[in-house]
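Treat the numbers as computed from the prediction; the structure is a model and nothing was measured. The residues of the chain are indexed from 1 along the displayed sequence.
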Amino acid sequence: MHCWNADTAGKVRVEYFNKLQYIYKFEIQKMQKTINNTENPEEAAKAAKRKDKLQNELNETKEYDIRLAHITISRLIS
């Protein structure tokens with residue numbers, strides 16, 4: 001924490017959360033394609049479970065990103 005400065009929250013949003021959200025979205029699409037195209041019920045169930053987990057992670061990062069945005073914007077206004 002001692003290395004944080006006024007721009008850290010914005011950097012975390014841009015350099016970490018935006019990239020992480022892109023990866024989650026890509027993986028969710030990949031799991032959906034697996035679900036749609038597989039004939040193996042076990043593989044479809046495994047992909048569905050992974051997709052649900054990734055969707056939860058994506059939602060969590062979006063919520064945290066909103067909080068970081070608030071911090072970043074309030075820093076710009078100050």
Side-chain angles (χ1 to χ4, degrees):
M1 295 294 278
H2 65 280
C3 296
W4 282 46
N5 61 37
D7 298 325
T8 302
K11 287 180 182 178
V12 168
R13 282 189 74 214
V14 172
E15 295 177 11
Y16 180 71
F17 277 102
N18 290 347
K19 291 177 184 178
L20 186 59
Q21 288 173 3
Y22 175 80
I23 292 167
Y24 282 147
K25 288 175 186 177
F26 178 78
E27 287 296 315
I28 289 167
Q29 290 174 351
K30 187 175 163 184
M31 293 300 107
Q32 187 61 51
K33 286 180 184 177
T34 300
I35 293 166
N36 293 342
N37 296 325
T38 189
E39 293 182 17
N40 182 340
E42 291 176 10
E43 187 177 354
K46 187 176 177 182
K49 185 176 179 179
R50 175 132 170 87
K51 179 186 169 195
D52 288 344
K53 183 178 180 195
L54 290 166
Q55 189 64 55
N56 289 337
E57 294 290 330
L58 177 61
N59 292 340
E60 188 176 310
T61 60
K62 285 180 179 181
E63 289 174 20
Y64 196 75
D65 187 40
I66 290 169
R67 293 182 180 138
L68 278 178
H70 177 71
I71 292 169
T72 303
I73 291 169
S74 65
R75 183 233 172 251
L76 293 174
I77 294 173
S78 301

* Asked: If every non-hydrogen atom of Thr34 is compared with every non-hydrogen atom of Ala47, which pair is closest and at what distance?
  -> CG2-CB, 3.8 Å

* Asked: With sequence neighbours excluded, what pairs up with Tyr64 under the ring pair (Phe, Tyr, Trp, His ring centres under 6.0 Å) test?
  -> Phe17

* Asked: Does anything in residues 52-63 pair up under salt bridge (charged side-chain N to carboxylate O under 4.0 Å, His left out), and if so which pairs, sequence neighbours excluded?
  -> none

* To do: Flag yes if Tyr16 and Leu54 sit in one hydrophobic cluster, no otherwise; membership is Ile, Leu, Val, Met, Phe, Trp, Tyr, and two members link when side-chain heavy atoms are under 4.5 Å apart.
  => yes

* **Pairs involving residues 26-57, ordered by first then second residue, that meet ring-ring contact (aromatic ring centres under 6.0 Å, His included) (sequence neighbours left out)** => none

* Asked: To the nearest 0.5 Å, how far apart are CD1 in Ile71 and CD1 in Ile66?
  -> 12.5 Å

* Under the side-chain contact (heavy atoms from CB on, under 4.5 Å) test, which residues partner Arg67, sequence neighbours left out? -> none

* **Any pair counted as ring-ring contact (aromatic ring centres under 6.0 Å, His included), so long as it reaches residues 30-52, sequence neighbours left out** => none

* In Å and rounded to the nearest 0.5 Å, what is the CD to CG distance from Gln21 to Leu58? -> 6.0 Å

Which donor-acceptor pairs under 3.5 Å do the side chains of residues 35-42 make with protein atoms, sequence neighbours left out?
unit_1	atom_1	unit_2	atom_2	d
Asn36	OD1	Gln32	NE2	2.9
Asn36	ND2	Gln32	O	3.4
Asn37	ND2	Lys33	O	3.1
Thr38	OG1	Asn40	N	3.1
Thr38	OG1	Glu43	OE1	3.1
Asn40	OD1	Glu42	N	2.9
Asn40	OD1	Glu43	N	3.4

* State the CD-NZ distance between Gln29 and Lys51, to the nearest 0.5 angstrom. => 10.0 Å

* Which residues pass the side-chain contact (heavy atoms from CB on, under 4.5 Å) test with Lys11, sequence neighbours left out? -> Asp7, Glu15

* Asked: So, do Met31 and Lys49 sit near enough that their side-chain heavy atoms are less than 4.5 Å apart?
  -> no

* From Thr8 OG1 over to Leu68 CG, what is the distance, rounded to the nearest 0.5 angstrom? -> 10.5 Å

* To do: Check side chain to side chain donor-acceptor pair (under 3.5 Å) between Asn18 and all other residues, then give those that pass, not counting sequence neighbours.
  => none

